[in-house]
Amino acid sequence: MSRMSPSPASRPYHHGDLRAALLTSAERTLREKGAGALSLRELARDIGVSHAAPGRHFKDKQALLDALALDGYERLNRALDAAAEHPGRTLEERMTALARAYLGFAVENPELLELMFARKHDPDSSAQLASAVDRSLASLTGMIAQAQDQGEIVPGDPERIMMVAAASLHGLAALIASCALDAEEALAGVDVHVHLLLHGLRPR
């Protein structure tokens with residue numbers, strides 16, 4: 001005789017780490033079915049807790065999406081910070097490492113990255129998320145400002161220059177996500193991409 005699954009009323013309210021379990025299940029759903037399929041009730045069923053339990057951490061679906069986006073930015077920021085921590089390298093080597101870290105994240109997490117960009121533009125997004133977004137740009141902005149001080153990059157507003165570089169990298173990520181560019185090919189050509197970005201296209 002097959003065992004019947006517990007009814008919602010009999011499912012436990014507590015979980016060892018409910019928030020982490022919900023985010024893990026939510027990211028899996030995001031990858032497999034998209035953000036439209038996310039439901040706190042379905043996530044509760046997936047991890048085996050009562051349908052009311054997720055409310056301890058997320059008041060609604062938007063709060064869950066913000067948490068997913070924030071977790072994504074925190075993971076991205078750790079990868080970018082690690083890539084930038086090589087003071088002995090040349091500017092081109094450091095920027096290539098940063099570009100590789102960003103594209104690597106984009107290749108591994110295309111659905112999450114799309115959600116991250118969508119939530120950062122939402123006027124109702126949290127201050128914590130806005131701070132994480134700012135930190136994601138700080139590594140590149142800081143690298144550009146330092147290179148300007150050393151005469152390696154043209155003078156000007158470092159944030160404007162950062163946006164040009166960031167747009168170029170995100171463009172590659174978008175081409176990969178839309179299957180217009182092979183991920184392995186893009187990652188293999190990151191050094192050439194950064195070289196062109198730094199040196200321009202005009203013959204010298």
Side-chain angles (χ1 to χ4, degrees), residues 1-84 98 101-141 159 162-163 166-167 169-170 173-174 176-179 183:
M1 184 176 178
S2 61
R3 295 180 61 187
M4 295 179 63
S5 60
S7 66
S10 65
R11 287 176 182 161
Y13 187 83
H14 297 287
H15 188 281
D17 190 344
L18 178 59
R19 188 178 188 279
L22 287 167
L23 287 175
T24 298
S25 181
E27 187 168 346
R28 182 168 57 248
T29 299
L30 180 68
R31 288 176 182 270
E32 296 173 355
K33 302 177 183 179
L38 285 171
S39 157
L40 290 174
R41 184 178 289 268
E42 289 299 321
L43 293 177
R45 182 180 294 114
D46 183 53
I47 62 178
V49 295
S50 72
H51 66 79
R56 299 173 60 197
H57 298 282
F58 309 113
K59 65 177 181 179
D60 53 26
K61 180 177 175 178
Q62 288 302 104
L64 172 67
L65 293 176
D66 271 350
L68 270 176
L70 177 60
D71 185 65
Y73 273 110
E74 289 175 343
R75 283 153 51 189
L76 174 61
N77 289 342
R78 287 194 293 271
L80 295 178
D81 288 345
L98 204 67
Y102 178 78
L103 286 179
F105 182 89
V107 167
E108 292 295 322
N109 306 279
E111 301 86 3
L112 179 59
L113 189 65
E114 182 179 357
L115 173 66
M116 289 159 58
F117 273 83
R119 293 306 300 155
K120 82 171 186 176
H121 293 298
D122 193 300
D124 296 325
S125 62
S126 68
Q128 190 178 12
L129 180 59
S131 176
V133 172
D134 289 342
R135 291 200 306 276
S136 72
L137 301 173
S139 295
L140 184 53
T141 305
E159 290 195 1
M162 175 275 295
M163 289 304 300
L169 293 178
H170 187 64
I176 293 170
S178 65
C179 298

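Only this structure's heavy atoms are used, side chains among them; waters, hydrogens and symmetry mates stay out.
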With a 4.5 Å cut-off on side-chain heavy atoms, are Ser126 and Leu70 touching?
no

Decide if atom CD of Glu114 counts as having more than 12 heavy atoms of other residues, nucleotides or ligands within a radius under 6.0 Å.
no

What distance separates Ser39 OG from His51 NE2, expressed to the nearest 0.5 Å?
11.5 Å

Working to the nearest 0.5 angstrom, can you tell me the gap between Arg56 CZ and Leu22 CG?
10.0 Å

If you compare all heavy atoms of Pro54 against all heavy atoms of Leu40, which two are closest, and at what distance to 0.1 Å?
CG-O, 3.8 Å

Got more than 12 heavy atoms from elsewhere within 6.0 Å of CD, Gln128?
no

For Leu18 and Ala53 the tightest heavy-atom approach is CD2-O, 3.4 Å

By salt bridge (Lys or Arg N to Asp or Glu O under 4.0 Å), Glu42 pairs with (sequence neighbours left out) Arg45

Does Thr141 use its side chain to pair, donor to acceptor, with the backbone of Leu137 at less than 3.5 Å?
yes

Can you give me the closest heavy-atom contact between Lys120 and Tyr73, atom names plus distance?
CD-OH, 3.2 Å

Between Ala183 and Ile176, what is the shortest heavy-atom contact and its length?
CB-CG2, 3.9 Å

Measure the shortest side-chain to side-chain distance between Glu74 and Arg135 over non-hydrogen atoms and say whether it is less than 4.5 angstrom.
yes

Is there a side-chain contact between Leu140 and Tyr102 in this structure, where contact means two heavy atoms from C-beta onward sitting under 4.5 Å apart?
no

Which pairs, with at least one residue in residues 26-35 and sequence neighbours excluded, count as a salt bridge (charged side-chain N to carboxylate O under 4.0 Å, His left out)?
Glu27-Arg31, Glu27-Arg75, Arg28-Asp46

On a heavy-atom basis, which atom in Ser25 and which in Leu43 lie closest, and how many Å separate them?
OG-CD2, 3.3 Å

Distance check, rounded to the nearest 0.5 Å: Asp81 atom CG versus Ser139 atom OG?
4.0 Å

Identify every side-chain donor-acceptor pair in residues 60-68 under 3.5 Å, counting partners at least two apart or on other chains, and give the distances.
unit_1: Asp60; atom_1: OD1; unit_2: Gln62; atom_2: N; d: 3.2
unit_1: Asp60; atom_1: OD1; unit_2: Ala63; atom_2: N; d: 2.9
unit_1: Lys61; atom_1: NZ; unit_2: Ala35; atom_2: O; d: 3.1
unit_1: Lys61; atom_1: NZ; unit_2: Leu38; atom_2: O; d: 3.4
unit_1: Asp66; atom_1: OD1; unit_2: Arg119; atom_2: NE; d: 2.8
unit_1: Asp66; atom_1: OD1; unit_2: Arg119; atom_2: NH2; d: 2.9

Quick one: pull up CG in Asn109 and CG in Leu76 and give me the separation to the nearest 0.5 Å.
9.0 Å

Here the gap from Leu23 atom CG to Leu30 atom CG, rounded to the nearest 0.5 Å, amounts to 11.5 Å

Less than 4.5 Å apart, side chain to side chain, heavy atoms only: is that true for Leu113 and His170?
yes

What pair of heavy atoms forms the shortest contact from Asn77 to Ser136, and how long is it?
OD1-CA, 2.9 Å

